[in-house]
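All figures in this text were calculated on a predicted structure; none of them were measured in a lab. Chain letters run A, B, ... following the sequence lines, proteins first and then strands; every chain starts at 1.
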Amino acid sequence: MPELPEVETIRCDLEKVLVGKKILGVETDAEKLFSPSFKEVLKGVAGQTIKAVGRQAKLLYFSLSNSQYLLVHLKMTGRLLVREKGTPCDEWQHATFVLEGGKELRFADLRLFGYLKLVDSTQKLGEVLGEYGPEPLKDMSLEDFRSAVKGRRKPIKLMLMDQAVISGVGNIYANEALFEAGIDPRRQAASLTDKETSLLFAGIEKVLTEGLHYRGTTANDDKYVDAYGKKGQYQEHLRVYGREGLPCPKCQGKIQRIALGGRGTFFCPACQQ
DNA sequence: TTCGTCCTGGTA
DNA sequence: TACCAGGACGAA
């Protein structure tokens, strides 16, 4: 699923191709994806030029020449693809932005959980982005992380996935970071020692950086692809995620899968205490 | 703070 | 044919 490294990979791809392009029109067979409504989004974007492609955590946004913004969240199975006009439809394609110069930006989503939302001012964009906590690799220091962990009683893995506390980390990278730090995902956040907190913060930075380097993770039934439809490569380097029953890369013991907060959680019971 | 909900393709 | 995955949000 698209998390920080995947969304950033897509953002970079899109930035290269889309900045300076004018949106001629939008087509869809799923108006419910659009907020506040398809008609309003169409009115807001048609005829506008894309000035920049931004990202905060897992949310992408396009800055338009009329000072409005189109926000796109891919949730779990959303894709943004750049294609030449007239090429065959993509799997699960539900919206098409027709661009000047013969290209199209396509939104595809198997589960239709994603959304495309128009906000009409920089202030409103700020309000939406303000819901997110700081991002590792960008605006979160070890000290910030320490104070976030302090006093939180929920399991550390759920805290890592709480976008209001630390943004951009999802299920895959939370599992991997906890393995790197040797911490049991069920541990209460507040129970971590200073040393463990440092190890975990370093682990988060490590796995996100690796994920970016390999252009994201396309694991098992994962639907993530970049803006050209290509899979990521980080799944070749995962230590625990999706590896139930396989040997732990550190101790050769079996990776275990449990549910935590209703989400699949993978860890090595021997290495993660 | 936890739980149900949104949704569909794939699997048991 | 029933069930499961799962990010984020609203409801309990």
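Across the protein-nucleic acid pair, A/Lys117 atom NZ and C/dA8 atom C1' stand 13 Å apart, rounded to whole Å. Between A/Asp222 atom CG and C/dG6 atom P the separation is 9 Å, expressed in whole Å. In this structure, the CG atom of A/Leu71 is 20 Å from the P atom of C/dG7, given to the nearest Å. C/dG6 atom C1' lies 7 Å from atom CE of A/Met1, rounded to whole Å. Between the CH2 atom of A/Trp92 and the P atom of B/dT8 there is a distance of 13 Å, given to the nearest Å. A straight line from CG of A/Leu116 to C1' of C/dA8 spans 16 Å, rounded to a whole angstrom. Between the CZ atom of A/Phe266 and the P atom of C/dG6 there is a distance of 7 Å, rounded to whole Å. If you take CZ of A/Arg263 and P of C/dA5, they are 9 Å apart, rounded to a whole angstrom.
A/Gly262 comes within 4.0 angstrom of no nucleic acid atom, judged by non-hydrogen atoms across all strands. Residue A/Asp109 is out of contact with every strand shown, counting any heavy-atom pair closer than 4.0 Å. Across all strands, A/Met76 comes closer than 4.0 Å to base atoms (heavy-atom distances). Residue-level contact check: A/Tyr241 touches the backbone only, with heavy atoms under 4.0 Å from sugar-phosphate atoms and none from bases.
Side-chain contact annotation: A/Tyr173 with A/Thr217, donor-acceptor N/O pair under 3.5 Å present. For the residue pair A/Arg83 and A/Thr87, no side-chain donor N or O sits within less than 3.5 Å of a side-chain acceptor on the partner.
Summary of the strand contacts: A/Pro155 and A/Lys223 both lie near DNA chain B, and taking for each the nucleotide with the nearest heavy atom, the more 5' one is attributed to A/Pro155. Between A/Tyr132 and A/Arg257, the residue anchored nearer the 5' end of DNA chain C, judged by the nucleotide with its closest heavy atom, is A/Arg257.
The phosphate of C/dA8 has OP1 or OP2 within less than 4.0 Å of a side-chain N or O from A/Lys58. In this structure, A/His73 does not reach the C/dG7 phosphate: none of its side-chain N or O atoms is under 4.0 Å from OP1 or OP2.
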Practice problem: Could you walk me through whether A/Glu210 and A/Tyr234 pass the side-chain hydrogen bond (donor to acceptor under 3.5 Å, both in side chains) test, one step at a time? | Solution: CA-CA 7 Å; A/Glu210 288 180 347; A/Tyr234 194 48; 2.5 Å; yes
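Sorted by first then second residue, the ring-ring contact (aromatic ring centres under 6.0 Å, His included) pairs that include residues 249-273 of chain A, not counting sequence neighbours, are A/Tyr241-A/Phe266.
For C/dA8, the base is not stacked against the aromatic ring of A/Phe113, per a cut-off of 5.5 Å between centres and 30° between planes.
Judged by atom type and distance alone, A/Arg111 does not reach the base of B/dG9 through any side-chain donor-acceptor pair under 3.5 Å.
Under the 6.0 Å distance and 45° angle rule, A/Lys51 does not count as a cation-pi partner of A/Phe62.
Among B/dC7, C/dG6, C/dA8, the nucleotide with an atom closest to any side-chain atom of A/Leu112 is B/dC7.
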